[in-house]
Amino acid sequence: MRETDKRSVAVMALGGTIAMVKGKGGEKGGVVPTLAGEALVAAVPGLDAVADVHAQSFRQLPSAQLGYDDLDGLAAAIGQLDNGGCDGVVVTQGTDTIEETAFVLDRLLDLEMPVVVTGAMRNPTEVGADGPANLLAAVRVASSEAVRGMGCVVVFNDEIHAARFVRKTHTSRLDTFQSPACGRIGWITEDRVRVVARVPRMPVVRGPVTRNDARVALVKIALGDRGEQVRALQGAGFSALVVEATGGGHVPREVADALEAAARAMPVVLASRTGSGEVLAHTYGFPGSETDLLRRGLIRAGWLDGLKAKALLTLLLRRESRTSAQVAEAFAAWA
Ligand code: ASP
């Protein structure tokens, strides 16, 4: 511990609602990302009593405009902070894509140092803005021992969620972040950080980015589908496909034919559209069932949902893991 007895926490601001106020359109226009990291930190009373906080503005974007180049850059910057003796990092960003970005950081970083992602559902101009409380809670978690060595976590609404499980489940409520598979792993009460379930480290994706134009399609299957959307994707510039099948991994018979053809040309990963639970491996035997699709060359996403499967696949394709066999090997850890 340093002389001040305070941990050093870096806040990396990426934009999002937590940083949004009215833009050039004035009262008539909507809110846009505006506030720098320093302003976010300054808006939290008592933060300096919790940690030595250093803010930097890494990006100023709505989170749907973040991309994999941003996240690879962010992971590298966080790695440098770790090397420089920082005790914890808080990333502030838009909530819309947190379930993907936090998972990406979790896959790219192999650190003991806590990395905590947070944001806000209500912007700073709204009554009951939640940004300052979320940031305070996130800094408490980042400066505690509680989540060290557990990878990336999301802190929101005084709850702690593992990046691998968390999902945005509501368009506007403050308790939008949930982990349907297994629930929160901890919470913050007063100044205490409580972790009640530890998650093991999962494999990270290593190696330099050698290709940054890899495109992964994500298709959700619905009642009555015949596979046209899967066929239309071929020749459209995608390097891989994630299919969110119904239930435990099932599709209509015609879709199975289209997926088999796709799997001959690129890695095709089978996830479930239910949002929780594992893709089955050996229960059903009808055409279009999980056993049929796996026999036709699809790769099980295991317990990763479609968005996280797409994120993992994108990280692999950006590096040297591009064949179906390499992708299957990486997904085996989750399946
Ligand atoms: N509604 C979003 C947010 O919560 C906007 C974004 O994701 O940037 O920050």
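What you see is a predicted model, and the numbers here were worked out from it, not measured in a lab. For ligands, and for the atoms within them, numbers begin at 1 and follow the listed sequence.
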Would you kindly say whether Gln326 and Thr323 are connected by a side-chain donor-acceptor distance under 3.5 Å?
yes
Compute the minimum heavy-atom distance from Gln65 to ligand 1 and say whether it is under 4.0 Å.
no
Sub-4.0 Å atoms of ligand 1 with respect to non-hydrogen atoms of Pro62:
8 (O)
I'd like to know whether Val269 forms a side-chain contact (heavy atoms from CB on, under 4.5 Å) with Val243, so could you lay out the CA-CA distance, the side-chain angles of the two residues, the decisive distance to 0.1 Å, and finally the verdict.
CA-CA 6 Å; Val269 172; Val243 54; over 6 Å; no
The protein heavy atom nearest to atom 7 (O) of ligand 1 is Ser63 OG, 2.6 Å
Relative to the heavy atoms of Asp96, which atoms of ligand 1 are at a distance of less than 4.0 Å?
1 (N), 2 (C), 5 (C), 6 (C), 7 (O)
Heavy-atom side-chain proximity of Val9 to His54 below 4.5 angstrom
no
If the cut-off is 4.0 Å to any non-hydrogen atom of Gly16, which atoms of ligand 1 fall inside it?
8 (O), 9 (O)
Name the closest protein heavy atom to atom 4 (O) of ligand 1, giving the residue it belongs to and the distance to 0.1 Å.
Thr95 OG1, 2.3 Å
Without hydrogens or angle criteria, can the side chains of Ser272 and Glu244 be said to hold a donor-acceptor pair below 3.5 Å?
no
Cluster overlap Met20 with Met12, hydrophobic side-chain contacts below 4.5 Å:
no
Has Ala120 got any heavy atom lying under 4.0 angstrom from an atom of ligand 1?
yes
The single option from Arg198, Arg201, Glu112 passing side chain to side chain contact (heavy atoms under 4.5 Å, CB included) against Met150
Arg198
For atom 3 (C) of ligand 1, find the nearest protein heavy atom and state the residue, atom name and distance (0.1 Å precision).
Thr17 OG1, 2.7 Å
